[in-house]
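Accompanying notes for the structure given below.
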Amino acid sequence: MVQKIIATIVGRTSSHLARSYNQAHLLPSFSLASLRCLSQYTTQDYRLFSSAVTSEDDEADEKDPSMLKSKFKERLQVERTKSLLGGGQDRIDRQHAKGSLTARERLEILFDEGTFQELDAFKTHRCTEFNMENIQFPGDGVITGYGKVNDRYVYAFSQDFTVFGGSLSETHAEKIVKIMEMATRVGAPVIGLNDSGGARIQEGVNSLAGYADVFQANVDASGVIPQISVVMGPCAGGAVYSPAMTDFIFMVESTSYRFVTGPDVVKTVTNEDVTKEDLGGSKVHVSKSGVAHGRFGNDIATMKAMRRLLDFLPSSNDKSTLPIKETSDPPDRLVPELERLVPDDPNSPYDMKNIIRQIVDHGDIFEIMPEMAQNIVTGFARMEGHTVGIVANNPLTLAGCLDINASNKAARFVRFCDAFNIPLVTLVDVPGFLPGTEQEFGGIIRHGAKLLFAYAEATVPKVTVITRKSYGGAYDVMASKHLRVDCNYAWPGTEIAVMGAKGAVNILYRGDNNVEQHISEYNEKFANPMIAAQRGFVDDIIDPQDTRRILCNDLRLLRTKTMPEIKKKHSNIPL
């Protein structure tokens, strides 16, 4: 009887779900079968299940072990179906209406088909305050488990906004911590899909303790396995700090937001009127605050981007887990286009991303923080099929100067690459640090030192190419030879000096009228990398078209690089 009821409900609600998608215009290119989502049952169906099981219970012989087992299987089927339902069809419809997928639908897109294995599907909260013992949902508002992404194991949790608004309870936190600890033990990445109203108020301090347990798990896993957070809905209050401690944070446009205190509190305390989007929306965090590393147009685009990002990353800090992809792009490919992409005039802008695309495999780069501090580029690419981290000044913005935001952006990226044994390729065209009171008062000295510290501390293979100029202290900071960089190169015509010719002459020959003559003399001496090469500060002056070939050769050789460890508890980076 239960089987017939389930079949009837699945048939009815599948049609309902299809209509819901059509009305919301959510998934025009995805069939219902491809999503394989079963979370579409209604509260009315609960009563139908319960009455069916009860009536059959009355007919069963309680002393017959086979009947007891049969009844338990029926009960198990009911509970599993309730777990798949989440908060009910009405709440699922509301989730779709605002342009979002459900927690289960997101996991269906993230993982390879049929590989996701759910854990703790029946776990429920233990709260008895405010009549909560009578309000139970199997799974308690978060779906946890593991599966394969591009045929490699990944753990994930997906908060279900249809159940208690995705709020975090003690048991909700236990489920998250459990899979994080499992991922750390086996060496697999963790992706957290955050969609939560925050702490579950009914549980008081137990909920706050749950957050702290998650934070501790984040710290324990840091540098051991990649941790990726995707904010797909609300993320407020204490909930913002777990993503903040993970390696990468991404957001969905228009449907996600993050802030410690919401617009109402801001209005009360500071009398400022601000919307959720303007206070903590994706655009704010990817371009102003820098607490998010990227944003995507909808849930589907976001999950597809996460699959692509994971393809670049190792499973853990074990070097043997670094991914290797077969490539048809020859490592010895010459790149004559590079001769034309960099202007001779050191003050003329150009887009460094065009240089990067010419050098890496198939021109493919997954950029990290593309909308923040655009004067520096960070991202993952491949050289000869092996993942590399790219850091490059971009003269298209602020002439490629290093400023506070660029220093923070690059330093964090360099430290991630070092923690997970990803080689670093640095492309340099930097006129120095950005001057001004705003930068000085904001602590450019401290923030610039973060990037310097990160490069100096990194023991992974490090290769640097100076494409046009490298002035002042920024020369040292941008992976110079003096920071134990393995291979340093310069293109012909590169300027390596304390500053540009005009500024230097104004200081060296103050009051002298032969300015043009002195600039010419200065350029003759410093507007080429010969002195640096004579000192051994660059290993060679190379033809730009040979850049890819030389880098691939070096990176191949450096795969066996080792560095002696300096005995200490940990370093003290200037945070």
Side-chain angles (χ1 to χ4, degrees), residues 248 283-295 341-343 345-360 365-381 389-417 424-455 464-480 483 490-491 494-500 503 574:
F248 301 110
K283 185 175 182 179
V284 169
H285 287 315
V286 300
S287 62
K288 292 183 179 180
S289 71
V291 298
H293 294 83
R295 59 175 175 154
L341 291 175
V342 178
D345 182 355
N347 298 316
S348 295
Y350 67 94
D351 192 348
M352 184 65 85
K353 293 179 190 178
N354 292 331
I355 305 293
I356 297 169
R357 294 187 187 102
Q358 292 292 330
I359 294 173
V360 302
I365 179 171
F366 188 100
E367 196 172 349
I368 300 296
M369 301 183 80
E371 297 182 66
M372 183 73 183
Q374 296 180 33
N375 41 323
I376 202 160
V377 178
T378 56
F380 297 106
I390 303 289
V391 181
N393 308 108
N394 195 349
L396 201 62
T397 302
L398 294 177
C401 278
L402 288 177
D403 62 357
I404 291 172
N405 289 334
S407 299
N408 284 324
K409 170 181 171 178
R412 181 174 173 85
F413 182 78
V414 168
R415 285 175 66 83
F416 175 86
C417 290
L424 286 161
V425 175
T426 305
L427 302 176
V428 180
D429 189 342
V430 61
F433 284 91
L434 185 66
T437 56
E438 181 179 352
Q439 291 292 307
E440 296 294 349
F441 296 166
I444 183 60
I445 297 172
R446 173 167 50 89
H447 295 291
K450 293 178 187 178
L451 181 54
L452 173 61
F453 200 107
Y455 267 125
T464 300
V465 178
I466 304 173
T467 62
R468 190 171 61 174
K469 63 181 178 296
S470 189
Y471 293 158
Y475 156 75
D476 288 316
V477 172
M478 287 300 298
S480 64
L483 302 183
W491 288 353
T494 294
E495 298 180 38
I496 304 174
V498 175
M499 61 179 66

* With Asn347, which residues qualify under side chain to side chain contact (heavy atoms under 4.5 Å, CB included), at least two apart? -> Asp345

* Applying side chain to side chain donor-acceptor pair (under 3.5 Å), name anything that partners Glu371, two or more places apart in sequence or on another chain. => Arg295

* Asked: Which pair of heavy atoms, one from Val430 and one from Ala474, lies closest together, and at what distance?
  -> CG2-CB, 3.6 Å

* **All ring-ring contact (aromatic ring centres under 6.0 Å, His included) counterparts of His293, not counting sequence neighbours** => Phe248

* Asn354: partners by side chain to side chain donor-acceptor pair (under 3.5 Å), with sequence neighbours left out -> Arg357

* Asked: Mind checking whether Met369 and Arg412 have side chains closer than 4.5 Å, heavy atoms only?
  -> no

* Partners of Lys450 by salt bridge (charged side-chain N to carboxylate O under 4.0 Å, His left out), sequence neighbours excluded? -> none

* By side chain to side chain contact (heavy atoms under 4.5 Å, CB included) - contacts of Pro343 (at least two apart) -> Ser348, Tyr350, Arg468

* Structure fact -> Contacts of Arg415 meeting salt bridge (charged side-chain N to carboxylate O under 4.0 Å, His left out) (sequence neighbours excluded), chain-then-number -> Glu457

* List in chain and number order the residues that pass side chain to side chain donor-acceptor pair (under 3.5 Å) with Ser287, two or more places apart in sequence or in another chain; answer none if no residue qualifies. => none

* Could I get the full list of salt bridge (charged side-chain N to carboxylate O under 4.0 Å, His left out) partners for Lys469, not counting sequence neighbours? => Asp429

* Partners passing side chain to side chain contact (heavy atoms under 4.5 Å, CB included) against Thr397 (at least two apart in sequence or in another chain) -> Gln374, Asn375

* Residues in side chain to side chain contact (heavy atoms under 4.5 Å, CB included) with Ile444, at least two apart? -> Ile404, Ser407, Phe433, Gln439, Glu440

